[in-house]
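Accompanying notes for the structure given below.
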Amino acid sequence: MLQVIPRQLCDNAGFDATDVLNKLRQKHALPSGEGAPYGVDINTGGIADSFSNFVWEPSVVKINAINAATEAACLILSVDETVKNPKSESAQGEAAAGAMGGRGGGGFRGRGRGMRRR
């Protein structure tokens with residue numbers, strides 16, 4: 001899920017991201033759990049124990065990033081009229097014009113604040 005971070009580190013350092021990520025996945029998949037703290041080592045182009053190299057990243061940072069991304073996606077999806085259908089918009093406009101007694105708002109067009117009558 002968070003493979004974007006080590007991939008970007010490899011790309012930025014000029015290493016083969018596929019090779020390094022494969023090594024990292026193998027280390028993380030160890031049943032004993034000893035490979036959990038391993039990460040990308042940009043000095044050697046491989047993987048290394050992050051704790052022994054004094055690289056610590058609190059899990060709170062990742063949790064907050066995932067929560068913020070989820071909230072942003074939900075906000076985008078919940079905004080009304082984010083995805084518009086031109087056919088339904090024209091049908092709603094015609095229905096509103098018919099509801100105004102046939103005037104359709106044509107008598108009020110262009111008469112906002114500061115607009116002169118012709």
Side-chain angles (χ1 to χ4, degrees):
M1 182 170 136
L2 295 176
Q3 295 178 11
V4 174
I5 297 168
R7 180 179 305 276
Q8 193 64 47
L9 286 172
C10 291
D11 288 343
N12 289 348
F15 302 128
D16 181 23
T18 306
D19 184 42
V20 175
L21 283 176
N22 283 336
K23 289 178 185 176
L24 196 57
R25 283 186 200 114
Q26 287 175 351
K27 199 67 163 174
H28 285 173
L30 292 176
S32 62
E34 67 185 32
Y38 275 74
V40 176
D41 185 5
I42 61 168
N43 294 321
T44 63
I47 61 172
D49 186 358
S50 298
F51 287 135
S52 66
N53 289 333
F54 304 105
V55 178
W56 300 308
E57 181 180 4
S59 61
V60 175
V61 174
K62 293 179 183 177
I63 292 170
N64 286 341
I66 291 171
N67 286 338
T70 304
E71 288 177 14
C74 291
L75 182 66
I76 290 170
L77 293 174
S78 69
V79 173
D80 289 339
E81 300 179 7
T82 300
V83 179
K84 296 182 180 181
N85 183 355
K87 291 181 182 178
S88 68
E89 285 181 5
S90 63
Q92 288 176 355
E94 291 170 5
M100 295 183 74
R103 291 185 293 192
F108 301 109
R109 189 172 296 142
R111 292 192 194 164
R113 289 180 54 155
M115 299 295 291
R116 295 184 183 164
R117 291 186 178 189
R118 292 191 235 179

Nearest heavy-atom approach of Val40 to Pro6 is CG2-CB, 3.5 Å
Kindly give the heavy-atom pair with the smallest separation between Tyr38 and His28, and that separation in Å. O-NE2, 2.9 Å
Mind checking what makes side-chain hydrogen bond (donor to acceptor under 3.5 Å, both in side chains) contact with Thr44, not counting sequence neighbours? Asp41
Would you call Asp11 and Arg7 a salt bridge, taking side-chain N to carboxylate O under 4.0 Å as the test? no
Between CD1 of Ile47 and CZ of Arg25, what distance do you get to the nearest 0.5 Å? 12.0 Å
Checking the side chain of Ser50 only, and the main-chain atoms of Val55 only, is there a donor and an acceptor separated by less than 3.5 Å? no
Could you check if a side-chain atom of Lys23 sits within less than 4.5 angstrom of a side-chain atom of Val20, using non-hydrogen atoms only? no
How does the hydrophobic cluster around Val60 look, that is, which other residues are in it when side-chain heavy atoms under 4.5 Å mark a link? none
Taking side chain as C-beta onward, heavy atoms only, is Phe15 less than 4.5 Å from Ile42? yes
